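Everything numeric here is computed off the predicted structure, so don't read it as measured data. Remember, it's 1-based here, ligands and their atoms both numbered in the order they're listed.
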Amino acid sequence: MVLVTGGAGYIGSHTCVELLNAGYDICVLDNLSNSCEEALNRVKKITGKDFKFYKVDLLDYEGIDKVFSENKIEFVIHFAGLKAVGESVAKPLMYFENNVGGTINLLKVMTKYNVKKIVFSSSATVYGDKSPAPYVETLPCAAINPYGRTKLMIEKILQDIYASDNDWDIALLRYFNPVGAHSSGLIGEDPNGIPNNLMPYISQVAVGRLECLNIFGNDYDTKDGTGVRDYIHVVDLAIGHLKALDKIKNKVGVVIYNLGTGQGYSVLDMVNTYSKVLGRPINYKFVDRRPGDLAEYYADPSKAERELGFKATRTLEDMCRDTIRWQEGNKNGYRG
Ligand code: NAD
Ligand code: UDP
């Protein structure tokens with residue numbers, strides 16, 4: 001059985017679908033701090049399969065222990081964590097406590113139950129702001145905000161655990177920019193409040209929840225002056241987790257993979273493709289750069305392709321079409 005922490009969240013719920021479709025038994029642990037149980041009902045609807053859900057906080061050691069005592073867990077896919085960069089700058093202790101403290105509790109319980117195989121959600125943010133794209137896994141790491149530091153610290157903690165006990169097998173997955181939704185339109189990204197990220201912002205402008213997209217800077221040294229990122233369809237990303245899980249079934253120690261497409265798209269590429277698929281324009285204006293943003297980055301995805309047999313196949317049009325289907329069917333997300 002696979003324990004999915006943060007399984008009610010955006011990437012977690014899509015990964016639950018792929019795991020269930022592939023025949024895995026799963027159980028989900030989530031404190032619902034940034035998600036709704038309805039997402040899990042939808043996962044059950046899409047797959048026609050049932051699984052246990054524990055509303056547990058990773059800061060609650062006994063709560064995690066109960067999940068392990070009641071289930072035969074063999075693998076953990078660890079998504080649970082807070083992820084808003086700006087909030088992490090304002091509330092660093094909350095981020096270190098939740099992300100690092102929560103992970104330490106999880107790892108202690110895993111050790112107790114002799115479960116030593118874990119896939120961890122890291123992020124391209126660990127490459128910092130000094131390296132040129134494409135980012136390759138061997139680049140030096142240097143996080144530039146508290147959120148990124150939690151990811152880097154957890155990567156280091158996992159590497160130290162392996163160094164102390166070679167029975168562990170650990171995959172560190174560095175995601176680029178996940179977007180899109182399941183093709184059923186039943187699950188997708190449902191941020192609380194006004195979205196920080198580009199794709200949910202565009203999609204809320206498209207359905208009239210927000211008035212106008214602010215494009216943060218049009219004077220970057222990029223093809224059209226707007227920021228360039230590597231957007232990966234969330235279902236491709238979810239499939240990447242199954243490939244990583246297959247990998248750590250063998251004795252591999254600690255492995256690190258970028259999960260991206262290797263293709264950079266600008267903010268204007270995103271807006272224009274979204275408008276084209278939607279069939280009407282998206283209202284936008286240029287505003288100042290957002291502090292802390294880089295001009296351009298994208299993955300070198302070749303290691304994951306070589307060693308995991310993973311290659312993202314969904315196009316930018318797919319990402320937009322699936323986001324539109326999700327947003328139009330769920331104008332106010334899971335809250336109805
Ligand atoms: P999300 O917020 O939708 O999902 C995270 C889930 O973890 C939520 O359901 C939340 O309720 C839960 N959670 C948070 N703290 C918890 C705790 N202490 N105990 C139990 N549950 C807790 O985010 P997501 O976009 O699905 O991201 C999943 C993971 O991937 C996160 O670790 C995130 O940092 C990482 N990541 C995300 C992105 C991105 O752009 N979405 C990029 C790189 C890495
Ligand atoms: N962006 C934007 N307007 C928004 C949100 C994002 O112009 O409302 C830009 C941002 O400057 C970056 C790209 O879109 O160039 C992706 O930003 P996002 O926050 O989605 O992801 P990040 O790359 O920061 O993790």
Between [X] and ligand 1, does any nitrogen or oxygen pair lie at a separation below 3.5 Å?
X	value
N34	yes
I11	yes
L59	no
S35	yes

Yes or no: does [X] have any heavy atom under 4.0 Å from an atom of ligand 1?
X	value
G102	no
N98	yes
S122	yes
K151	yes

Where is the nearest protein heavy atom to [atom]: which residue, which atom, and how far?
atom	value
atom 17 (O) of ligand 2	R290 NH2, 3.4 Å
atom 4 (O) of ligand 1	G9 CA, 3.4 Å
atom 30 (O) of ligand 1	Y175 CE1, 3.3 Å
atom 20 (O) of ligand 2	L198 N, 2.9 Å
atom 40 (O) of ligand 1	P178 CD, 3.3 Å
atom 11 (O) of ligand 1	D30 OD1, 2.7 Å
atom 25 (O) of ligand 1	K83 NZ, 2.8 Å
atom 28 (C) of ligand 1	F79 O, 3.6 Å
atom 18 (P) of ligand 2	N197 ND2, 3.5 Å
atom 21 (O) of ligand 2	N177 ND2, 3.1 Å
atom 19 (N) of ligand 1	L58 N, 2.9 Å
atom 5 (C) of ligand 1	G81 O, 3.8 Å
atom 12 (C) of ligand 2	R229 NH2, 3.7 Å
atom 9 (C) of ligand 2	V267 CG2, 3.7 Å

For the residue pair [X] and [Y], establish whether any side-chain heavy-atom pair is separated by less than 4.5 Å.
X	Y	answer
V28	C16	yes
L3	L29	yes
I118	L107	yes
Y61	V109	yes
Y95	V100	no
N41	F53	no
V89	Y147	no
N272	Y265	no

May I ask you to identify, for [X], whether its side chain, its backbone, both or neither come under 4.0 Å of ligand 2 on a heavy-atom basis?
X	answer
Y284	neither
D293	side chain
Y147	neither
N196	backbone

Worksheet item: Between F216 and ligand 2, does any nitrogen or oxygen pair lie at a separation below 3.5 Å?
Response: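 Yes.
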Worksheet item: Does any N or O atom in N214 lie less than 3.5 angstrom from one in ligand 2, N or O only?
Response: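 Right, the criterion is met.
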Worksheet item: Are H241 and F310 an aromatic pair by the rule of ring centers under 6.0 Å?
Response: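 Centroid distance H241-F310: not below 6.0 Å, so no.
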Worksheet item: When the aromatic ring centroids of F68 and Y113 are compared, is their separation below 6.0 Å?
Response: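 They qualify: ring centres under 6.0 Å apart.
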Taking NZ, NE, NH1 and NH2 as the nitrogens, is one of them in [X] or [Y] under 4.0 Å from a carboxylate oxygen of the other?
X	Y	value
R42	E38	yes
D190	R335	yes
K55	E37	no
D169	K251	yes
D322	R314	no

Worksheet item: So, N330 side chain and G185 main chain: donor-acceptor pair closer than 3.5 Å or not?
Response: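 Yes.
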Worksheet item: Do any N or O atoms from the side chain of R174 and from the backbone of I256 form a donor-acceptor pair under 3.5 angstrom?
Response: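 Judged by distance alone, no pair lies under 3.5 Å.
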Worksheet item: Is the Lys NZ or Arg CZ of R149 less than 6.0 Å from the centre of F96's six-membered ring, within 45° of the axis?
Response: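 Output no; distance or angle outside limits.
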Worksheet entry | Over-ring placement of K303 relative to Y257, 6.0 Å and 45° cut-offs |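 The answer is yes, since K303 meets both limits relative to Y257.
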So if I count the atoms of ligand 1 from 1 in the order they appear, which ones are less than 4.0 Å from some heavy atom of [X]?
X	result
V56	19 (N), 20 (C)
G6	6 (C), 7 (O)
S33	10 (C), 11 (O), 13 (N), 14 (C), 15 (N)
S121	29 (C), 30 (O), 32 (O), 35 (C)

Item to complete: Answer with side chain, backbone, both or neither: which part of L32 has a heavy atom less than 4.0 angstrom from an atom of ligand 1?
Response: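 Backbone only.
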Discussion item. Does the residue Y231 have a heavy-atom contact with ligand 2, meaning some pair of atoms that are separated by less than 4.0 Å?
Written reply: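 True for this residue.
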Worksheet item: Is the Y135 ring parallel, tilted or perpendicular to the Y127 ring (thresholds 30°, 60°)?
Response: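 Y135 vs Y127 ring planes: tilted.
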Discussion item. Only heavy atoms of Y297, strictly under 4.0 Å: list the atoms of ligand 2 that pass.
Written reply: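 So the atoms of ligand 2 that pass are 23 (O), 25 (O).
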